[in-house]
Undergrad: 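Sharing a structure below in structure tokens format, with a few things to ask.
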Amino acid sequence: QLQASGGGLVMAGGPLSVSCAASGRTSSNYALGWFRRAPGKQREFVAVISRTGASTIYARSVKGRFTISRDNAKNTVFMQMNSLNPEDTAVYYCAAGGSGVFVSDRYRADPKKWDYWGQGTQVTVSS
């Protein structure tokens, strides 16, 4: 089970962080990532971090602004979001998947390729 938390309301240009705690299984066996779904849009890939934390990949829209990290001792993945803009407004979902999510952009962008999902946390950026 994945439990996301930390969303909220923030002014444009401000920072916000979200986190996701895994229970019932050892998160270090999985790559962990974040997706988001904006109103009226499909769920889109945001970032992924490898099992050890050595590798990360970001969507072009957030690269340089968002940082994903993990603490395997706490079975938790974090995402620090800086320089937020209204286009970042969405429900953010954490997910766990196998190493295959590092194969290609197309592969990891497909929600069906991920094994487990959290319930989502709302992030709203006001202008």
Side-chain angles (χ1 to χ4, degrees):
Q1 182 179 0
L2 299 174
Q3 183 72 36
S5 61
L9 174 64
V10 64
M11 294 289 290
L16 194 66
S17 63
V18 290
S19 62
C20 179
S23 62
R25 55 184 56 85
T26 303
S27 66
S28 61
N29 292 331
Y30 298 90
L32 297 175
W34 290 94
F35 280 70
R36 66 186 181 186
R37 177 179 283 167
K41 296 185 178 181
Q42 293 185 335
R43 191 174 301 195
E44 66 170 352
F45 167 79
V46 176
V48 62
I49 187 167
S50 63
R51 290 179 296 173
T52 63
S55 299
T56 57
I57 297 175
Y58 298 91
R60 189 174 303 177
S61 58
V62 306
K63 194 171 185 178
R65 300 188 298 122
F66 290 13
T67 302
I68 188 171
S69 60
R70 67 189 294 166
D71 184 338
N72 285 341
K74 297 181 179 180
N75 280 340
T76 302
V77 60
F78 308 92
M79 188 161 68
Q80 177 66 41
M81 303 179 289
N82 295 327
S83 301
L84 286 161
N85 58 63
E87 290 69 38
D88 296 314
T89 294
V91 177
Y92 283 71
Y93 299 89
C94 56
S99 57
V101 298
F102 277 86
V103 169
S104 68
D105 289 345
R106 184 173 181 178
Y107 189 99
R108 64 180 150 268
D110 184 353
K112 296 190 294 295
K113 301 300 186 185
W114 295 74
D115 299 321
Y116 304 100
W117 290 88
Q119 87 288 3
T121 184
Q122 177 70 46
V123 171
T124 302
V125 184
S126 63
S127 57

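Because only heavy atoms are used, hydrogens play no part in the values below, and waters and symmetry mates are left out as well, while side chains stay in.
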Undergrad: Looking at every heavy atom in both A22 and L2, which two are closest together, and how far apart are they?
TA: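 The pair with the smallest heavy-atom distance is CB-CD2, 3.6 Å.
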Undergrad: Between I68 and F78, is there a side-chain heavy-atom distance shorter than 4.5 Å?
TA: no
Undergrad: For residues R70 and N75, determine if any side-chain heavy atom of one lies less than 4.5 Å from a side-chain heavy atom of the other.
TA: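 A side-chain contact is absent here, since even the closest heavy-atom pair is not under 4.5 Å.
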Undergrad: Does S17 reach the main-chain N or O of Q80 with its side chain, forming a donor-acceptor pair under 3.5 Å?
TA: no
Undergrad: Which is it for S5 and S19 under the side chain to side chain donor-acceptor pair (under 3.5 Å) test, yes or no, and what are the steps along the way?
TA: CA-CA 5 Å; S5 61; S19 62; 3.2 Å; yes
Undergrad: V62, F45: one ILVMFWY side-chain cluster at the under-4.5 Å cut-off?
TA: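 Different clusters.
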Undergrad: With rounding to the nearest 0.5 Å, note down the distance linking OG in S50 to CD1 in I57.
TA: 9.0 Å
Undergrad: Report yes or no: is the cationic atom of R43 (NZ for Lys, CZ for Arg) under 6.0 Å from the centre of the six-membered ring of W117, at an angle within 45° of the ring normal?
TA: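 Verdict for W117: a cation-pi partner in R43.
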Undergrad: Enumerate donor-acceptor pairs with a distance under 3.5 Å from any side-chain N or O in residues 90-104 to protein atoms, sequence neighbours excluded.
TA:
residue : atom : partner : partner atom : Å
Y92     : OH   : R36     : NH1          : 2.9
Y92     : OH   : D88     : O            : 2.7
S104    : OG   : Y107    : N            : 3.1

Undergrad: If only atom types and distance count, is the side chain of T76 paired as donor or acceptor with the main-chain N or O of K74 below 3.5 Å?
TA: yes
Undergrad: Quick check for you: to the nearest 0.5 Å, what is the distance between Q1 atom CD and S23 atom OG?
TA: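 Rounded to the nearest 0.5 Å, the CD-OG separation comes out at 4.5 Å.
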Undergrad: Identify which one of V10, T124, T89 satisfies the side chain to side chain contact (heavy atoms under 4.5 Å, CB included) criterion when paired with L84.
TA: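 It is V10; the other options fail the test.
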Undergrad: Knowing that exactly one of K112, R108, K113 qualifies, which makes a side chain to side chain donor-acceptor pair (under 3.5 Å) with D110?
TA: K112
Undergrad: Contact between M79 and V46 at the side-chain level, heavy atoms closer than 4.5 Å - yes or no?
TA: yes
Undergrad: Enter the distance from N85:CG to S126:OG here, rounded to the nearest 0.5 Å.
TA: 11.5 Å
Undergrad: Does any N or O in the side chain of N72 come within less than 3.5 Å of the main-chain N or O of R51, such that one atom is a donor and the other an acceptor?
TA: yes
Undergrad: At what distance, to the nearest 0.5 angstrom, does CD1 of I49 lie from CH2 of W34?
TA: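 CH2 of W34 is found 12.0 Å from CD1 of I49.
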Undergrad: For the CE atom of M11 and the CG atom of L16, what is their distance to the nearest 0.5 Å?
TA: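 Output value for this atom pair is 13.5 Å.
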Undergrad: Do F35 and W114 have ring centres separated by under 6.0 Å?
TA: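 Yes; W114 has its ring centre under 6.0 Å from that of F35.
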Undergrad: Going only through I, L, V, M, F, W and Y residues with side-chain contacts under 4.5 Å, is there a path from V125 to M81?
TA: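 Yes, same cluster.
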Undergrad: Please check this pair: side chain of Q3 against backbone of G118, looking for a donor-acceptor N/O pair closer than 3.5 Å.
TA: no
Undergrad: Give, for atom OG1 of T67 and atom CG of N82, the distance between the pair rounded to the nearest 0.5 Å.
TA: 6.5 Å
Undergrad: Does some side-chain heavy atom of V18 sit less than 4.5 Å from a side-chain heavy atom of V123?
TA: yes
